[in-house]
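Remember, it's a predicted structure, so these values are computed and weren't measured experimentally. Chain letters run A, B, ... following the sequence lines, proteins first, then strands; residues in each count from 1.
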There are 2 protein chains.
Amino acid sequence: MLKISKKADYALMALQHIALVQFGDVTPGRVVNTKEIAEEYNIPLELLAKVLQALSKNGMIESHNGPKGGYLLARNASHITIAQILESIEGPLGLTDCSHEKDGDFCMQREHCNIRTPLLKVQDSIYQLLNSMTLQDMMGGTPLITIQSPSTQGVDR
Amino acid sequence: MLKISKKADYALMALQHIALVQFGDVTPGRVVNTKEIAEEYNIPLELLAKVLQALSKNGMIESHNGPKGGYLLARNASHITIAQILESIEGPLGLTDCSHEKDGDFCMQREHCNIRTPLLKVQDSIYQLLNSMTLQDMMGGTPLITIQSPSTQGVDR
DNA sequence: CTTGAGTCCGACTTATTTGATCGGAGATCA
DNA sequence: TGATCTCCGATCAAATAAGTCGGACTCAAG
Ligand code: FES
Ligand code: FES
């Protein structure tokens, strides 16, 4: 349950790879093209292309056309959060169909719904969680995210 | 993204309804049948039945057959967590396909995978989150779950 | 004991989403 | 100019979820 799509998976891998090349290496200005990533991680080329397109459209990476072209991180790795990446590929976060109340978009159960409010809270918590972890954090195995709740007080990791 | 299935939705509603009848009301021993819930929340009858079956099979509720039959909460509402409910309906929690390493179940990207470890941590955090919230909590608008992470220190709700 | 209303339960069909693919247009550098 | 590479839309196939159907069982009243 709560599985994220493979496209989102690919997006994370690709971004991390780009970040790695751009940061850790001695070749700071190097661009990285689709093929390179696809072969490295055994990802279907065309599908990965689609993913990268979406990422660039959402301002996560910059695309450079033509020969010697490729992709570049749009901002610092510490300013790109997991939530942003995932939302670029799949829609906005929403546990239920009726999380985001559009006009007229009425859930059949809305009237007597008893789970809307608590679920929205859970959803919000998950969002904070995803939005507090950055690409940077994913690279260096840096910080752990800890949860505090009334029932699991003091439980660490 | 991260949408839970409608069946899981229905499960939460149904369980909360059962808990409400069994606890808050003056009819402590009353059983509640499928039809009652289905009509109350506009849920397809047969589908809800399926959901309830799964729940009973996983020990969340008890089923009583025959006329005047129906469902009963198997344990106290404060001992049923959201995570348990969701896992009864959908499979076990897993952000990626390769979260649970079965034998021979090798992810194509496993060798060079750079996102496995951090994602598992995120997954674990989410699980703690879901597992720290009980049916009881959902009923009375009781406790809020708070998150603490290095980057959002001090941010409350 | 018989009967029948009411329920549980598994198999089946249909709809929706996701994964993956193809072909062409536009841009850049040698 | 020409070759190479990215970008972008439309399209096809597979997986999953949503919803439906009919039979087996159980209890309680008559
Ligand atoms: S399920 Fe739509 S409002 Fe609760
Ligand atoms: S995606 Fe399977 S191991 Fe990382």
Side-chain angles (χ1 to χ4, degrees), chain A residues 1-11 13-14 18 30-39 41-72 86 88-91 94-98 107-109, chain B residues 1-11 13-14 18 30-39 41-72 74 86 88-92 94-98 107-109:
Chain A
M1 87 206 208
L2 285 186
K3 193 164 49 178
I4 66 178
S5 70
K6 279 195 175 168
K7 282 197 275 189
D9 244 35
Y10 296 156
M13 288 192 228
I18 296 177
R30 207 186 122 218
V31 296
V32 41
N33 62 2
T34 310
K35 198 192 220 172
E36 174 183 337
I37 304 178
E39 287 178 351
Y41 300 98
N42 293 91
I43 303 176
L45 180 66
E46 281 83 7
L47 185 53
L48 177 61
K50 231 171 137 63
V51 169
L52 291 177
Q53 288 163 27
L55 286 179
S56 104
K57 190 172 292 180
N58 283 85
M60 300 286 121
I61 53 182
E62 283 179 6
S63 73
H64 287 250
N65 247 345
K68 299 243 175 187
Y71 292 96
L72 227 59
L86 293 183
S88 298
I89 302 299
E90 319 185 337
L95 263 62
T96 72
D97 297 337
C98 52
C107 177
M108 223 20 81
Q109 292 88 7
Chain B
M1 88 211 207
L2 285 187
K3 193 164 47 177
I4 66 179
S5 71
K6 280 194 177 169
K7 281 198 276 189
D9 245 36
Y10 297 156
M13 287 192 228
I18 296 177
R30 207 185 123 221
V31 297
V32 41
N33 61 2
T34 310
K35 197 191 222 172
E36 175 183 336
I37 303 178
E39 288 178 349
Y41 300 99
N42 294 92
I43 303 176
L45 181 65
E46 336 287 352
L47 185 53
L48 177 62
K50 226 168 140 63
V51 169
L52 291 177
Q53 288 163 27
L55 285 178
S56 106
K57 189 170 293 180
N58 283 84
M60 300 287 121
I61 54 182
E62 283 179 6
S63 73
H64 288 250
N65 247 348
K68 299 239 174 190
Y71 291 97
L72 226 58
L86 293 183
S88 298
I89 302 299
E90 320 186 335
L95 261 60
T96 72
D97 297 335
C98 51
C107 179
M108 224 19 83
Q109 293 86 9

Margin query: I want to confirm an ordering. Mapping B:S63 and A:I4 to their closest nucleotides on DNA chain C, which one lands closer to the 5' end?
Written below: B:S63

Item checked: Euclidean distance, atom CG of residue A:L52 to atom P of C:dA20 [Å, nearest integer] -> 15 Å

Note to self: Just verifying a value: how many Å separate B:L48 CG and B:E36 CD, rounded to the nearest 0.5 Å?
What the structure shows: 11.0 Å

Note to self: Under 4.0 Å, heavy atoms only, any strand: does A:P44 hit a base, just the sugar-phosphate, or nothing?
What the structure shows: sugar-phosphate

Margin query: By the 4.0 Å heavy-atom rule, please label A:K7 as base, sugar-phosphate, or nothing.
Written below: sugar-phosphate

Margin query: What is the separation between atom NZ on B:K35 and atom C1' on C:dA5, rounded to the nearest whole Å?
Written below: 11 Å

Notebook entry, point to check: Going by heavy atoms in the side chains, are B:L2 and A:I4 under 4.5 Å from each other?
Noted result: yes

Next item on the list: Just compare C:dG19, D:dC27, C:dT28 and give me whichever is closest to any side-chain atom of A:K6.
Entry: C:dG19

Item checked: Nucleotide nearest B:P67 (side chain, heavy atoms from C-beta), chosen from D:dA17, C:dC8, C:dG6 -> C:dG6

Note to self: The test is side-chain contact (heavy atoms from CB on, under 4.5 Å); show your working for B:M13 and B:I37 and say whether it passes.
What the structure shows: CA-CA 9 Å; B:M13 287 192 228; B:I37 303 178; 6.0 Å; no

Notebook entry, point to check: How close or far is atom P of C:dT18 from atom CG of B:L2, stated in whole angstroms?
Noted result: 12 Å

Notebook entry, point to check: Mapping A:K57 and A:G70 to their closest nucleotides on DNA chain D, which lands nearer the 5' end?
Noted result: A:G70

Notebook entry, point to check: Closer than 4.0 Å, any side-chain N/O of B:Y10 to the OP1 or OP2 of D:dA17?
Noted result: no

Next item on the list: For the pair B:L55 and B:I89, evaluate side-chain contact (heavy atoms from CB on, under 4.5 Å) and give the outcome as yes or no after the intermediate values.
Entry: CA-CA 7 Å; B:L55 285 178; B:I89 302 299; 4.0 Å; yes

Checklist line | Atom pair CD (A:Q53) and OG (A:S63), whose distance is rounded to the nearest 0.5 Å | finding: 9.0 Å

Margin query: Go nucleotide by nucleotide along DNA chain D from the 5' end; which of B:E90 and B:L45 gets its closest nucleotide reached first?
Written below: B:E90

Checklist line | Whole-Å distance separating the CD atom of A:E39 from the P atom of D:dC5 | finding: 12 Å

Checklist line | CA sep, side-chain torsions, deciding dist, call: B:K68, B:V31, side-chain contact (heavy atoms from CB on, under 4.5 Å) | finding: CA-CA 8 Å; B:K68 299 239 174 190; B:V31 297; 5.8 Å; no

Check: Starting at CG of B:L47 and ending at C1' of C:dG10, how long is that distance when rounded to a whole Å?
Finding: 15 Å

Next item on the list: May I ask you to evaluate whether B:T34 reaches the phosphate of C:dC8, defined as a side-chain N or O under 4.0 Å from OP1 or OP2?
Entry: yes

Next item on the list: May I ask you to say what A:K50 touches in the nucleic acid, namely base, sugar-phosphate or nothing, with a heavy-atom cut-off under 4.0 Å?
Entry: base

Check: NA contact type, B:K3, heavy-atom cut-off 4.0 Å: base, sugar-phosphate, or nothing?
Finding: nothing

Next item on the list: Let me know the distance between CG of A:L55 and P of D:dT6, rounded to the nearest Å.
Entry: 15 Å

Next item on the list: Return the value, rounded to whole Å, for the distance between atom CG of B:L72 and atom P of D:dC27.
Entry: 15 Å

Checklist line | Nearest listed nucleotide, side chain of A:N65, among C:dA27, C:dC9, C:dT21 | finding: C:dA27

Note to self: The side chain of B:E46 is closest to which nucleotide in this list: C:dT18, D:dT20, C:dC9?
What the structure shows: D:dT20

Next item on the list: Check whether any side-chain nitrogen or oxygen of B:Y71 sits under 4.0 Å from OP1 or OP2 of C:dT7, and answer yes or no.
Entry: no

Next item on the list: Name the nucleic acid region contacted by A:S56, choosing base, sugar-phosphate or nothing; use a 4.0 angstrom heavy-atom cut-off, strictly under.
Entry: nothing

Check: When the distance from CD of B:E62 to P of C:dC8 is rounded to whole Å, what number comes out?
Finding: 13 Å

Margin query: Between B:N33 and C:dT7, is there a contact of a side-chain N or O with OP1 or OP2 at under 4.0 Å?
Written below: yes

